[in-house]
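Quick caveat, the model's predicted, so the values are computed rather than measured. Whatever order the structure lists them in is the order used to number ligands and atoms, beginning at 1.
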Amino acid sequence: MDIGTHVRAPLAKPNELVPSRYAVRVGEIEVLVISDGVLPLPTVMLGHNAAPADRAAWLDEMFLPREAFDWSLNVVVVHSGEQTILIDAGLGFDPDLNLPRAGQLIMRLEAAGINLASVTDVVLTHMHMDHVGGLLVDGVKEALRPDLRIHVAAAELAFWEAPDFSLTSMPQGFPDALRSAAKRFATAYRDQLRTFENEHEVAPGVVVQRTGGHTPGHSIVRVASGGDRLTFAGDAVFTVGFDHPDWHNGFEHDPEEAARVRVKLLQELAATGEQLVATHLPFPSVGRVAAEGETFRWVPAFWDY
Ligand SMILES: [Zn+2]
């Protein structure tokens, strides 16, 4: 056996306690989850339609603090054929938001040996700042290739021309920051944007599908190869959504539709048994969904390391 061909020299000296990346193979397609960091957010955002006592009970059951806890912020890189596809781009940086532990994507892409110039496509699940902000960091646009394609639902782009926040429940300052980030993004990347209506095959076995709900153009990404399947659910599913799929997340622009989207997706994933990855599930967020009566159970994957 030639061991040498299986050993790669480390590309960079590790400078973090954990490398914050985890790879999964789906048939011929490689899926790499990279953490952008964490977002400390108030717990009321988990379910602003739930009774405070019910929220407190769930937090106690999860051994989580009552006031605020760190949400994961996961980004995915998919290698299919000749294409390198970045799905979402993390938070980037906003001096007005007190979120100093997120925005690590660019550094962690480099640490993973992924050069920005090698990215052929970006897929956006939606245009909230924690999904597009990384593309607005100084120097990033210049480092990306000029023929980069950024795939986003037409409904999403249209929504952010005059976004409605009336049904959301966000901390102070967030609506303005999100509005401004989406606007800056749409302007900066106007020439790279490739819109789709309901579904688009980005690369062989990599299909983006619009779900709506969280935002009107919110989309999920289906990865399928050689009989294996994985869904990247973006913000259709949060940690609390398995026990309480009907709780309204504070970032949802149409919370009732978002809950319908979530339940339908979780039912489907429970039936197919395919792997799920989602933006705000605990890193690396690779697992499966089991149905339990009217609710669901998250079944984390056994790490392959
Ligand atoms: Zn998000």
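Among heteroatoms of the N, O or S kind in Asp130, OD2 lies nearest the Zn ion (ligand 1). Distances from the Zn ion (ligand 1) to each N, O or S atom of Asp235 single out OD2 as the nearest.
Judged by distance alone, the side chain of Thr43 and the main-chain N or O of Glu67 form a donor-acceptor pair under 3.5 Å. Side chain of Arg66 to backbone of Leu59: no donor-acceptor contact under 3.5 angstrom is found.
Counting backbone and side-chain atoms alike, His126 contributes no N/O/S atom closer than 2.8 Å to the Zn ion (ligand 1). Among the atoms of His280, an N, O or S atom falls under 2.8 Å of the Zn ion (ligand 1).
Taking the six-membered ring where the residue is Trp, the centroids of Trp247 and Phe238 are separated by 6.0 Å or more.
Checked against Asp235 for a side chain to side chain donor-acceptor pair (under 3.5 Å), the options His131, His128, Arg262 give a single hit: His131.
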